[in-house]
Enquirer: 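Starting off with a structure, shown below.
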Amino acid sequence: MTNLQPQEKTTKNQALPISYTIEDWQKGYQSQKQEYDYWIDNITGEIPPELHGTLFRNGPGLLDINGEILPHPFDGDGMINKITFINGRAHYRNKFVETEGYLAEKKAGKILYRGVFGTQKPGGLLANIFDLRIKHIANTNVIYWGKKLLALWEAAEPYLLNPYTLETIGNEYFNGSLSQKEAFSAHPRIDTNGTLVNFAIKPGLKTTITIFEINQSGEMKSKKNYQVPGFCFIHDFLITEKYCIFFQNPVNFNPIPFLLGISSASQCIKLQKYQPSKIIIIPRHSTSEDDKMQILETKAGFIFHHVNAFEVANELIVDSICYESLTTVEPKSDYRYTNFDNNSPGQLYRFTINLSQDKVESQLIDKRSVEFPTINPNNVGKPYRFLYTSATHYDIGNAPLQAIFKVDLASGKRQIWSAAPRGFTGEPVFIPRANSSAEDDGWLITVVYNAENNCSDVVILDARDLEKGAVATLHLKNHIPYGLHGSFTPEIFI
Ligand code: CO
């Protein structure tokens with residue numbers, strides 16, 4: 001926890017405090033080409049002895065292919081990080097997901113595929129025109145489910161990994177329930193009955209949304225398709241006991257520049273600010289004709305991640321992180337020189353959806369810029385009180401994520417733990433303390449990139465009291481490039 005005094009900085013409209021240097025932030029986007037396997041011996045504080053299990057994290061490990069910088073980190077090959085907590089000790093291991101594309105480019109020593117977020121093959125227009133092959137990079141999330149470790153990427157099937165060694169075994173099709181190259185999102189939700197619910201988006205003139213329900217043994221119990229009008233760019237969704245909820249951001253997609261090889265697929269997506277966002281509500285257990293899909297409208301905005309949803313009488317309450325505008329990567333721009341002031345912050349909103357009156361109201365929960373929300377897994381789809389996110393150090397403006405933020409939705413109280421000025425935080429994962437019923441009794445674990453020594457720290461916070469400082473900081477011998485998502489399992493694979 002640091003106490004930074006705001007420094008004055010003049011921008012176009014207002015003076016915003018700054019908590020970082022762009023050079024420090026950029027360094028967290030260096031590739032990590034080494035694969036490590038060691039017990040962590042440099043620890044500040046004490047690992048709680050009750051903390052027992054494995055944290056798996058996924059994210060881009062390669063930000064360049066043989067020195068050729070990728071235009072967007074989301075195009076980087078997935079690297080799994082595994083931190084095992086056992087008897088007050090911790091072990092670290094990392095390994096790349098050996099996808100077909102990763103292996104081919106490693107062998108060739110150059111970029112062979114186009115990426116969703118801007119990567120083009122060398123050779124300009126002629127090399128890229130009508131090449132619709134996109135590399136499966138398996139870089140977005142990693143879950144242990146049905147005794148299988150799965151690396152997820154939303155546009156294709158999961159990769160199956162060995163949880164002990166992190167070696168890539170192949171693709172996972174859930175006993176033939178998924179077909180080759182079939183999409184399976186990186187944002188599954190696990191309900192409190194132990195069912196994993198996930199979705200897939202198949203674009204077209206009409207979009208097909210597929211909803212999968214998989215039991216604890218890893219068996220596909222249900223797979224249903226729904227058609228919705230228009231183009232959908234949906235990264236995350238929500239579940240309650242009765243519903244799956246999707247927000248269809250008002251975007252249009254002009255595929256021509258992508259087909260012609262001029263732009264990446266994501267560069268062809270534009271937010272339509274003056275069109276409403278659509279909320280698609282699909283019953284999970286429809287039994288009668290009355291149980292139909294409902295589509296309601298709310299004001300425009302862009303949502304990558306949702307926090308949670310729950311049902312209260314005839315209303316659905318949905319908490320999400322909304323952006324006023326969508327930051328796109330323009331061709332020939334360099335994300336490492338992002339001017340954060342020019343991008344809109346992601347802010348927490350609550351949507352109250354009245355299902356009988358077809359009415360939606362939205363309300364700002366907090367103006368701080370946040371990302372990567374999480375909650376106690378025992379409250380998924382149910383009423384809840386506490387949410388946690390990665391966040392900016394200051395509560396105004398936009399900046400890199402440097403803090404962990406807690407909101408008490410009942411009292412309105414907030415807590416913050418900050419790694420500024422030289423630390424940069426990732427997604428927090430909440431691990432409930434065994435046999436405790438208090439919703440915030442547990443730990444938050446996050447990976448912090450520390451620009452001071454160019455290494456990453458695994459930070460354990462007491463979720464009840466972030467402001468007392470870290471319970472333990474595990475100093476790794478290496479850095480982990482800024483990651484995406486991960487998950488915790490009480491199982492040990494040593
Ligand atoms: Co995500």
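What's counted below: heavy atoms across the whole structure, side chains too, no hydrogens, waters or symmetry copies. Counting convention: from 1, in listed order, for ligands and their atoms alike.
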Enquirer: Could you tell me how the ring of Phe184 sits relative to the ring of Phe174: parallel (under 30°), tilted (30 to 60°) or perpendicular (over 60°)?
Expert: tilted

Enquirer: Please work out whether the ring planes of Phe372 and His485 are parallel, tilted or perpendicular, with thresholds of 30° and 60°.
Expert: perpendicular

Enquirer: Quiz question: by atom type and distance under 3.5 Å, do the side chains of Tyr349 and Gln363 form a donor-acceptor pair?
Expert: no

Enquirer: Any idea which N/O/S atom from His305 gets closest to the Co ion (ligand 1)?
Expert: NE2

Enquirer: How are the rings of Tyr388 and Phe386 set to each other: parallel, tilted or perpendicular (split at 30° and 60°)?
Expert: parallel

Enquirer: Provide the atom name of the closest N, O or S atom of His187 relative to the Co ion (ligand 1).
Expert: NE2

Enquirer: Rounded to 10 degrees, what angle sits at the Co ion (ligand 1) between His485 NE2 and His235 NE2?
Expert: 160°

